[in-house]
Amino acid sequence: MPVDRSSDHPDYEEQVLAVVALIPPGRVMSYGDVAEYLGSGGPRQVGRVMSRGGDVPWWRVIRADGRPPPGHEAECLAQLRAEATPLRPDGTRVDMRRARWDGS
DNA sequence: TGCTTGACTTACG
DNA sequence: CCGTAAGCCAAGC
């Protein structure tokens, strides 16, 4: 009989991590962007996977307002800066208009 | 079974 | 710029 996966997504973590790994240096995606790219779940689910951690450039996934996740601001900004990611003049947020990656 | 929590987002004041 | 409110989805207790 067909497997009921209507509420079963054990591979979701793999999907999210795969997309994050595809983000090129100097670019970023918001949690909502990753969710939309996958076409499943939502920003919170992506955030949940990211919080679990993974061998991916997690710093390239930030909030929609261009601000890094709480508790990782310094590390995230350090990495973004090292990769020449377009930052706001204040240096505390990312210039989403330029840094946002659409998957091209 | 039901409420709380969380690396979210958008809108309003 | 900051705080609050509502919407959102899955996991944990």
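Everything quoted here is computed from the prediction, not taken from an experiment. Chain letters run A, B, ... following the sequence lines, proteins first, then strands; residues in each count from 1.
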*Tell me, with the steps shown, if A:L38 and A:Y12 meet side chain to side chain contact (heavy atoms under 4.5 Å, CB included).*
CA-CA 9 Å; A:L38 290 175; A:Y12 192 66; 4.0 Å; yes
*Expressed in angstrom and rounded to an integer, what is the separation of A:E36 atom CD from C:dC8 atom P?*
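Spelled out: CD on A:E36 to P on C:dC8 is 16 Å.
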Find out whether [X] and [Y] are in side-chain contact, i.e. whether some heavy atom of one side chain is under 4.5 Å from a heavy atom of the other.
X: A:L87; Y: A:R81; answer: yes
X: A:V28; Y: A:I23; answer: no
X: A:Q45; Y: A:Y31; answer: no
X: A:R88; Y: A:V94; answer: no
X: A:D102; Y: A:Y37; answer: no

Span that lies between the [atom1] atom of [M] and that of [N], in whole angstrom:
N: B:dG6; M: C:dG7; atom1: C1'; result: 15 Å
N: C:dG12; M: B:dT1; atom1: C1'; result: 14 Å
N: B:dT5; M: C:dC8; atom1: C1'; result: 14 Å

*Qualifying salt bridge (Lys or Arg N to Asp or Glu O under 4.0 Å) pairs with a residue from residues 34-58 of chain A, counting only residues at least two apart or across chains*: A:E13-A:R52
*Going through the distances and angles, do A:W101 and A:D33 end up as a side chain to side chain contact (heavy atoms under 4.5 Å, CB included)?*
CA-CA 9 Å; A:W101 184 59; A:D33 288 346; over 6 Å; no
*Summarise protein proximity over nucleotides 6-13 of chain B in one line of letters, 5' to 3': B for base, S for sugar-phosphate only, - for none, counting protein heavy atoms closer than 4.0 Å.*
BBBBS---
*asked:* For Watson-Crick and G-U wobble pairs within 3.5 Å on both distances, what is DNA chain C written in dot-bracket notation, | included for inter-strand pairing?
replied: .||||||.|||||
